[in-house]
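Remarks on the structure that follows.
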Amino acid sequence: MSTPLRVTFVGRAGEVGHAVPSAPVDGLHASFVEHRANHAQARLLAHVAEHSPELVVVFGVDSVPAAAIRAIGVPVVAWAVQPDRPPGWERHPDLPFASPAYRAGLATAADYVCVIDRPLPVADELFAAPSRRALGTGRALVIGHCSERNEQLLIDSKHRHEVLHIAAGLQRDALAATLAGSDVAINVRDDEAPGFGPRVGLYLAAGLLLVSEPLHPRLHLRPGADHLEIRSSADLVELLARVRADPGEFTAVGEAGREAAEAFRASRVYPQVLASLAET
Amino acid sequence: MRPRRPHGGPLRVAFVGQTTFFAACALEAPAGGLIPRFFEFRAGGDGEALIAGLRDFVPHVAVVFRPEVVPPGLFAELPAVTLGFLSEPLPRGERAHADLQRRLRDLRQTDASNFDRVVSFDPLIAEAAGEVLAIWRSLPLPVADRFFAPVAPMAHPPRMLFVGRSTPHREWLLAPSKLDHDVLHVAFGVSGDELVELLHRHDVGINLHNENYPSFENRVSMHLACGHLVITEDLDPLHGLEPGIDYLHVDNASELRRALQAVMRFPRAHQRVRIRGRRKAEQFRASRVYPRLIADLLADLDAFGSERL
């Protein structure tokens, strides 16, 4: 049996922590280093070195300085993730993003061995049993910051249905408990740009009925079969009303969504995607 | 006919409002001769269902949060004393923020004849509200008893919480703190036992206004009741609280960030502030406020009557 690959993931736990397994999975020994925009490069390098990785995966191409990538003595790959930040942070004078010098020093795709552009995997421990409790026993959940656009889509549903919106800071046990207390997940975009959303796999894995704006790309997911599609605030209000009125109508969709989530399982995705990169 | 007030016996009091926001402000268990029950009602809600529920309970008094969302004439035949409780900020002068002007427009939809008396959560909005309703008293929204807890030792690291919808003003103030720390921001949807548990799992409560205008949000008193260190924007009115003694005051994003950094580095530094704040929170305790308020209400009605009935 071969030795597990030691991989250190770098990112922010509140945004990508759900993608990092907390225990060894098939062929992979994962560790995590919390890195924020205001953290010093030396801190990042020291924490990465503590784990003696064979491969480093950075979540978000431009989330670390280019110089840090060059200083890490093992292959470094980026996993493309849009940062989960409210609009306007890039102009905030108290944040590093406002500094041209800071932005100029950030890594680009060229600094990495490669950039992996696929949805975030989901740590195995966050997968619900396929027989998770039935629809109709929880509430709808939204995780992610607010923007004018997503708030316009959500506001009517918030006032007519039971909707929980966590804007920031949800992780570890609190994340698992929040998922367990919900039965529907809502995936809406910040802006008009088409996208997939960083938590689609998480919601499906947790056994929630996914209600989403059109996913782009759809990958293997099929609207109407393993998730439900909405295009407006009114769609969302009506769909949640239908789910609450007759949850049984959507049981099969929820079960198919949970099955589709297997494609995001960390122990399946990482060995397949990362094994060859460590030898680069 | 209103149910006859029992001589020295308990009074049934209905609390009416959107559970998510107002269950935390109601009396939840019998206290001071009051027997409470909460009735869910929100803007656009089913008025007939509410009336049916109230008729089953036969309240002596109905305390109604956000009277502006009650349909005209809904309480015309309700045989109970009705007390409206204004909970939303309003303009305090001619040059008011657009958000406050919108809220005043909402208030103008109120049917004043639904209510025997109206209380405002803020004395400084009484003038604006007075255009629409006669304000009888002003007092801060009370805090349900189950929120009250002793001041617990700070966790390591301290756990920080902001409960409130996201607005550009709030996000601007929170941005550096969210970058530095794991501030849990619950934007919508937590209430009841879950809110109590959530609050009791945290040590620091942040209060930010909706927009850039002063107010006194009930989350301040709620966090104080939980024994939290409260860090807030300028409060106006203060309702008896003292900045620097009962809570920490910040003016901008940098100050909020620095205050949280100080808490992270020296978690016990503000222990006395937490203790003082927790003591002051007793003035907001629902089981203390409502018996007095309702006794005053009934005495006032006995003395001066009501235009409602």
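The sequence lines fix the lettering, A, B, ..., with proteins before strands; numbering per chain opens at 1. Bear in mind the structure is a predicted one, so any value in this text is a computation, not a measurement.
Using a 4.5 Å cut-off between heavy atoms, B:V183 touches chain A through its backbone atoms (N, CA, C, O) alone. For B:N252, no part lies under 4.5 angstrom from a heavy atom of chain A. With a 4.5 Å cut-off on non-hydrogen atoms, A:R12 touches chain B through its side chain but not through its backbone.
Taking a 6.0 Å sphere around CD of A:Q82, one finds it holds 12 or fewer heavy atoms contributed by other residues, nucleotides or ligands. At most 12 heavy atoms of other shown residues, nucleotides or ligands fall within 6.0 angstrom of atom CD in A:E148. No more than 12 heavy-atom neighbours from other residues, nucleotides or ligands sit within 6.0 angstrom of CG on A:D173. Counting non-hydrogen atoms of other residues, nucleotides and ligands closer than 6.0 Å to CZ of B:R268 gives a total of 12 or fewer.
Among the candidates B:R201, B:E194, B:M160, the residue making the largest number of heavy-atom pairs closer than 4.5 Å to chain A is B:E194. When B:A175, B:G44, B:S166 are compared by the number of non-hydrogen pairs under 4.5 Å with chain A, B:A175 comes out ahead. Ranking A:R160, A:H165, A:Q171 against chain B, the residue ahead of the rest is A:H165, based on heavy-atom pairs under 4.5 Å.
Using modelled atom types, one side-chain atom of B:R257 and one backbone atom of A:D94 make a donor-acceptor pair closer than 3.5 Å. Within the 3.5 Å criterion, the main-chain N or O of B:W172 finds a donor-acceptor partner in the side chain of A:H92.
One finds the CZ atom of A:R36 at 12.5 Å from the NZ atom of B:K178 (value rounded to the nearest 0.5 Å). We find the CD-SG distance between B:E171 and A:C146 to be 6.0 Å, quoted to the nearest 0.5 Å. Rounded to the nearest 0.5 angstrom, B:R165 CZ and A:E151 CD are separated by 8.0 Å.
Using the six-membered ring where Trp is involved, B:F188 and A:H159 have ring planes that are perpendicular, over 60° apart on the 30 and 60° scheme.
Looking at heavy atoms from C-beta onward, A:P96 lies in side-chain contact with B:L179 at the 4.5 angstrom threshold. Side chains of A:L170 and B:V186 form no contact here, defined as non-hydrogen atoms less than 4.5 Å apart.
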